[in-house]
**Student:** 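Before I ask anything, here is the structure I am working with.
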Number of protein chains: 2
Amino acid sequence: MTTPAQGLHSHVLATLGLAITAGEYPPGTVLRTDELAQRFDVSRTVVREVVRVLESMHLVESRRRVGVTVLPTASWNVYDPQVIRWRLAGADRPRQLRSLTVLRSAVEPVAAGLAALNATPEQCRELTEQALGMVATSRGRRLEEYLVHDIAFHRVVLVASGNEMFARLGDVVAEVLAGRTHHHVMFEDPDPAAVTLHVQVAEAVRERDAARAEELTRQIAVGALQELDVLAP
Amino acid sequence: MTTPAQGLHSHVLATLGLAITAGEYPPGTVLRTDELAQRFDVSRTVVREVVRVLESMHLVESRRRVGVTVLPTASWNVYDPQVIRWRLAGADRPRQLRSLTVLRSAVEPVAAGLAALNATPEQCRELTEQALGMVATSRGRRLEEYLVHDIAFHRVVLVASGNEMFARLGDVVAEVLAGRTHHHVMFEDPDPAAVTLHVQVAEAVRERDAARAEELTRQIAVGALQELDVLAP
DNA sequence: GTGACTCAAAAGTCGTACTTTTAATTCCCG
DNA sequence: CGGGAATTAAAAGTACGACTTTTGAGTCAC
């Protein structure tokens with residue numbers, strides 16, 4: 001565990017970040033830098049750099065004469081991809097998966113609508129290609145290959161929307177899709193209805209039919225939420 | 001400028017972060033830690049800590065034998081409240097304001113729908129109160145007071161949705177609302193139609209009418225986008 | 001009991017010395 | 001003349017120790 005470490009900093013950061021997001025240190029817990037330095041067998045310099053990063057993610061707060069205090073979940077930067085990855089890897093994967101899926105259900109339909117208005121011909125082509133790839137790999141336990149197309153598809157939609165905030169959710173969506181595939185929060189083969197919907201979204205975008213792209217994507221989202229309800233209690 | 005600085009770290013971070021997000025260093029620009037230390041008249045230790053934080057925001061990348069390279073906008077953590085604040089304060093406020101408003105238009109309607117299902121009686125009360133506050137301050141150049149209620153209103157909706165990802169957008173929405181008020185990307189008095197819509201959203205939530213709450217919030221969002229189109233070219 | 005004073009713990013800052021990685025240059029051989 | 005291997009040096013990474021600053025907490029006088 002705790003990553004092989006190419007760089008002391010990364011190693012300590014990953015270990016501490018994971019531990020905190022996993023709730024191993026309840027909010028209010030106080031850590032001391034030299035204690036941490038000793039524990040990880042690194043210099044205080046390294047620990048301080050890690051603490052500064054953790055602080056920028058609002059996972060901890062550092063105060064003189066007090067120490068490094070672990071902050072409550074409510075103040076965490078939950079949009080930080082790093083934080084998301086830690087949480088998906090740790091104890092509250094279910095909770096995280098659910099809240100991210102709800103977020104997707106809000107954002108992706110709107111993004112698809114915008115993509116229908118803004119997508120370049122190249123993006124349309126790419127979208128169609130990925131949708132076909134999904135069809136091709138949708139049967140026969142080829143989940144890994146399917147996942148690649150699925151991720152690529154959603155990423156293109158988000159980028160094609162032309163909104164940078166949406167585009168940056170590509171990584172988050174990728175994490176969610178990968179997470180649910182790898183942790184079996186998904187049926188053995190993808191839902192055929194979902195596959196069809198993806199193909200239709202690609203069509204709608206190609207035909208510049210924003211309303212249809214939005215509505216179809218909304219249906220995909222609803223499906224994803226239902227699947228989550230069924231497979232993750 | 002450059003903040004009074006309570007702490008060297010904060011000062012250097014704020015200055016550098018602002019400069020980078022303002023585009024003062026084009027992507028690919030290489031900085032050296034010693035040079036920065038000299039420029040800010042602080043030790044390399046401080047600079048290194050700052051660089052680590054900037055690195056965690058994906059504003060820069062640090063490589064041995066190369067230096068600290070400024071990364072292109074596309075890789076920035078645009079959801080980091082700190083980054084958002086810097087960008088709103090700097091050169092690309094218009095772009096940032098627009099993309100954030102689009103994000104709001106996707107998220108808030110869904111959040112309102114969920115709020116209608118999940119809001120506590122206390123949250124309903126709070127919502128109504130803020131809506132009434134908006135009505136009371138909607139005329140006679142009382143924009144500052146209006147803003148307070150507006151922010152509080154949207155924050156309650158997001159929190160009441162019960163989704164932590166939505167809840168954490170409260171700060172972002174606050175920044176957007178404050179930004180457009182303070183930089184006159186808004187009419188002199190709030191749009192009366194918008195005020196009414198807020199009151200109706202509060203009603204809909206109180207009556208657990210999710211579909212209506214969602215639709216009304218969508219109308220608020222559409223209004224905000226139109227206002228932006230009119231006032232920010 | 002309250003307020004001013006003192007103390008000490010912990011983070012913050014600094015300077016320097018040393019290690020490691022790696023881009024770039026050199027140099028040798030085919 | 002070209003390409004690949006060895007060399008070099010530049011910059012980040014790490015460590016350590018000394019010192020400063022802030023501030024919670026305990027103390028003492030009133």
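Protein chains get the first letters and strands the later ones, always in sequence-line order, with residue 1 at the start of each.
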**Student:** Give one of base, sugar-phosphate or nothing for Arg48(B), where a contact means two heavy atoms less than 4.0 Å apart.
**Tutor:**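 Counting heavy atoms under 4.0 Å across all strands, the contact made by Arg48(B) includes a base.
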**Student:** CZ of Arg44(B) versus P of dC18(C): gap in Å, rounded?
**Tutor:**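 Computing the Arg44(B):CZ to dC18(C):P distance gives 14 Å.
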**Student:** Determine: side-chain N/O of Ser43(A) to OP1/OP2 of dT14(D), distance under 4.0 Å, yes or no.
**Tutor:**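 Checking dT14(D) against Ser43(A), no side-chain N or O comes under 4.0 Å of OP1 or OP2.
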**Student:** If you assign each of Val42(A) and Arg63(A) to its closest nucleotide in DNA chain D, which residue comes earlier from the 5' end?
**Tutor:**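 Result: Val42(A).
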**Student:** Taking the minimum atom-to-atom distance to the side chain of Arg64(A), which one of dA15(D), dG12(C), dA12(D) wins?
**Tutor:**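 For Arg64(A), the side-chain atoms sit closest to dG12(C).
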**Student:** So, is Arg32(A) close to the dA10(C) phosphate, meaning a side-chain N or O under 4.0 Å from OP1 or OP2?
**Tutor:**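 Yes, within the criterion.
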**Student:** Could you tell me how far apart Leu36(B) (CG) and dT13(C) (P) are, to the nearest whole angstrom?
**Tutor:**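 About 16 Å, once rounded to whole Å.
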**Student:** In whole Å, what is the span from the NE2 atom of His11(A) to the C1' atom of dT14(D)?
**Tutor:**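 Value for this atom pair: 16 Å.
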**Student:** Are the side chain of Arg52(A) and the backbone of Arg48(B) linked by a donor-acceptor contact shorter than 3.5 Å?
**Tutor:**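 No, because the side chain of Arg52(A) does not come within donor-acceptor range (under 3.5 Å) of the backbone of Arg48(B).
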**Student:** Report the distance from atom CD of Glu35(A) to atom P of dA9(C), rounded to the nearest whole Å.
**Tutor:**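 After rounding, the gap between these two atoms is 16 Å.
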**Student:** Taking side chain as C-beta onward, heavy atoms only, is Thr128(A) less than 4.5 Å from Arg206(A)?
**Tutor:**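 The answer is yes, as the side chains (C-beta and beyond) meet within the 4.5 Å cut-off.
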**Student:** Can you check the Asp41(A) CG to dT14(D) C1' distance for me, whole Å?
**Tutor:**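 It is 12 Å, rounded to the nearest whole Å.
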**Student:** Let me know the distance between CD of Glu49(A) and P of dA15(D), rounded to the nearest Å.
**Tutor:**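 In whole Å, dA15(D) P and Glu49(A) CD are 10 Å from each other.
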**Student:** If the test is side chain to side chain contact (heavy atoms under 4.5 Å, CB included), which one of Asp150(B), Val156(B), Val157(B) qualifies with His154(B)?
**Tutor:**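 When Asp150(B), Val156(B), Val157(B) are each tested with His154(B), the side chain to side chain contact (heavy atoms under 4.5 Å, CB included) holds only for Asp150(B).
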**Student:** Ile84(A) pairs by side chain to side chain contact (heavy atoms under 4.5 Å, CB included) with which of Val78(A), Leu100(A), Asp171(A)?
**Tutor:**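 Among the candidates, only Leu100(A) passes.
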**Student:** Side-chain N or O of Arg52(A) versus OP1/OP2 of dG12(C): is the shortest distance under 4.0 Å?
**Tutor:**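 Checking dG12(C) against Arg52(A), a side-chain N or O does come within under 4.0 Å of OP1 or OP2.
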**Student:** Rounding to an integer number of Å, can you tell me how far Asp34(A) CG sits from dG12(C) C1'?
**Tutor:**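 One finds 13 Å between C1' of dG12(C) and CG of Asp34(A), rounded.
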**Student:** Counting only side-chain N and O atoms of Thr45(B), is one of them less than 4.0 Å from OP1 or OP2 of dG15(C)?
**Tutor:**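 No, outside the criterion.
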**Student:** Please test Val30(A) against Val68(A) for side chain to side chain contact (heavy atoms under 4.5 Å, CB included), starting from the C-alpha separation and ending with a verdict.
**Tutor:** CA-CA 5 Å; Val30(A) 174; Val68(A) 178; over 6 Å; no
**Student:** Send over the distance from Leu54(A) CG to dA11(C) P, rounded to a whole Å.
**Tutor:**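 Interatomic distance, CG of Leu54(A) to P of dA11(C): 14 Å.
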**Student:** Check every atom of dG24(D), dT22(C), dA10(C) against the side chain of Arg65(B) and return the nucleotide holding the closest atom.
**Tutor:**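 Closest nucleotide among those given: dT22(C).
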